[in-house]
Amino acid sequence: MNSKIVVITTGGTIGSILQSGAVSVDLSANKIAKEIELAKQTLGYDIEVISPINKNSEALAPSDWLDILLSIQTACATDASGIVVTHGTDTLVYTVSAAVALGHLWNKKICFTGAFYSPDNPSSDTSLSLLAALEFAASSHLKSGVFVAFRSNENNSEARILNGFDVKPMSFDDSYFGALYNNVLASYSPKYGLSDPISSKDITYPKIETTSLPDKKAIEAAQAKICCITLYPGIDKSVLQAVTMGRDIVIIQLYHSGTGPYGADYNDLIEHLREHADKTLFLLASFPSEYIQTPYDSSRALIDAGGYIYKDVQSHFLYVFSLLSLALGNTNEQIKSQLADWQMG
């Protein structure tokens, strides 16, 4: 297949080296360049490389998303058949969410990928990641959209293609990415190549209504207006007051059933929402609609108190979506409107 692919490198483990007992970004970018060249020779593709940043993903700030998005925008203006973005795993879901939320701006297929082990590790999955992402980006499967290619087992014999909106952050003991409700789009193996799509189900997701990207100053200003917290038993008003003060939007990660602290003897969260929902937008994630048909009392109480609970929208996506929306000048009402189809009534 004679395909042209633009590869956007950003650093991360896939672009790192082992040195002095630690994994560090390869500032020369020689390792990832060599891996891309090997993949190019294996597949026979025409590959153009763009490198807007070179950082471990834990060092990325929201303003770095813009550098990556601008590179995607540039690549969309070329004659490439697809785009691959190499990225560190720790914050990959945040950058992917930024690309998904603005997905209507892209006219090409974008496949993010990363590696669990650096290229010079004997167990490295870098080659598998690149081959899977490149094959999918060049394939006839879907003409546009944002996806993630990543290994599906620890012996690096297969990778999975996941829809970007579905991808879940890795837990501390995970060695590969999963997706909501285990939704897998396709699989790839060096031996058998790319499978036909396992799922043809259309995946809808919230989109920020805009025709342009925000600028860095606006993104940095929006950071001060939003925060994201995780609930835990014992959280009290003093904590909630501290995170709400000065914020336009507070994202709250609920318990897995779409619930939060609630009860006659423990009502701090409910009371806090009642007292502040008139000035602060509380976006709560997430209600697992595929598994729970009837909400618990605490979910209803959170809504009645002024919170907005969303079905199957993860908290990291709500954070990225809201931050970029604020940076683009959208009001809280506009943000709620754009998320309305996923809101639990």
Side-chain angles (χ1 to χ4, degrees), residues 5-43 45 47-61 64-65 67-68 71-72 83-96 99 110-137 147-162 164 167-179 187-191 316:
I5 305 294
V6 174
V7 177
I8 300 170
T9 66
T10 67
T13 299
I14 195 169
S16 298
I17 56 175
L18 286 168
Q19 59 181 14
S20 303
V23 178
S24 304
V25 166
D26 178 12
L27 296 178
S28 69
N30 288 335
K31 288 285 185 181
I32 189 64
K34 181 179 179 181
E35 293 288 342
I36 292 171
E37 181 60 31
L38 288 172
K40 177 180 177 179
Q41 293 174 9
T42 299
L43 300 174
Y45 297 166
I47 296 177
E48 177 186 351
V49 179
I50 302 174
S51 302
I53 57 175
N54 189 25
K55 298 181 178 180
N56 278 330
S57 68
E58 65 266 32
L60 263 62
D64 292 309
W65 304 337
D67 290 326
I68 298 170
S71 292
I72 290 173
I83 301 165
V84 169
V85 183
T86 65
H87 196 289
T89 57
D90 282 352
T91 61
L92 179 142
V93 296
Y94 292 91
T95 309
V96 168
I110 301 156
C111 191
F112 282 75
T113 193
F116 192 75
Y117 292 113
S118 60
D120 54 355
N121 188 302
S123 300
S124 178
D125 49 322
T126 298
S127 176
L128 175 68
S129 295
L130 282 171
L131 290 172
L134 288 166
E135 286 264 36
F136 181 71
F147 307 91
V148 173
F150 205 81
R151 71 178 188 171
S152 59
N153 55 45
E154 295 184 15
N155 62 13
N156 299 331
S157 63
E158 184 182 77
R160 293 184 296 194
I161 312 299
L162 311 173
V167 176
K168 298 188 294 187
M170 277 199 272
S171 297
F172 82 98
D173 61 341
D174 288 338
S175 60
Y176 42 88
F177 286 102
S187 63
Y188 170 84
S189 72
K191 184 175 181 180
H316 69 266

For this session: Kindly write out the residues that satisfy side chain to side chain donor-acceptor pair (under 3.5 Å) with S175, not counting sequence neighbours, or none if the list is empty.
Result: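 By the side chain to side chain donor-acceptor pair (under 3.5 Å) rule, S175 matches E154.
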
Problem set entry | Evaluation steps, side-chain contact (heavy atoms from CB on, under 4.5 Å), between V85 and V96 | CA-CA 10 Å; V85 183; V96 168; over 6 Å; no

To the nearest 0.5 Å, what is the distance between [atom1] on [X] and [atom2] on [Y]?
X	Y	atom1	atom2	result
H316	K168	NE2	NZ	11.0 Å
I8	I53	CD1	CD1	10.5 Å
F172	D174	CZ	CG	9.0 Å
S57	D64	OG	CG	10.5 Å
C111	L130	SG	CG	10.5 Å
I36	I5	CD1	CD1	12.0 Å

So do [Y] and [X] actually touch side chain to side chain, heavy atoms under 4.5 Å?
X	Y	answer
P190	L128	yes
I32	V49	no
L162	F150	no
V84	I47	no
S127	E35	yes
F177	V93	yes
L60	H87	yes

Please give me the minimum heavy-atom distance between [X] and [Y], naming the atom from each residue.
X	Y	value
L134	A39	CD1-CB, 3.6 Å
S129	T113	CB-OG1, 3.2 Å
K40	Y45	CG-O, 3.2 Å
S189	S157	CB-O, 3.4 Å

Problem set entry | All ring pair (Phe, Tyr, Trp, His ring centres under 6.0 Å) counterparts of F136, not counting sequence neighbours |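 Testing F136 for ring pair (Phe, Tyr, Trp, His ring centres under 6.0 Å), a comparison that skips the adjacent residues, returns F147.
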
Exercise. With Y117, which residues qualify under ring pair (Phe, Tyr, Trp, His ring centres under 6.0 Å), at least two apart?
Worked result: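 Partners of Y117 under the ring pair (Phe, Tyr, Trp, His ring centres under 6.0 Å) test: none.
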
Would you say the side-chain atoms of [X] pair up with the backbone N or O of [Y], donor to acceptor, closer than 3.5 Å?
X	Y	value
S152	E158	yes
N156	R151	no
S124	S118	yes

Exercise. Out of D120, L131, I14, which one pairs with T126 under the side-chain contact (heavy atoms from CB on, under 4.5 Å) rule?
Worked result: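 The side-chain contact (heavy atoms from CB on, under 4.5 Å) with T126 is passed solely by I14 among D120, L131, I14.
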
Exercise. Taking everything shown except F116 itself, do over 12 heavy atoms lie less than 6.0 Å from its CZ?
Worked result: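 Yes.
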
For this session: Decide whether T9 and T86 meet the rule of one side-chain donor and one side-chain acceptor closer than 3.5 Å.
Result: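 Judged by distance alone, the side chains do not pair up.
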
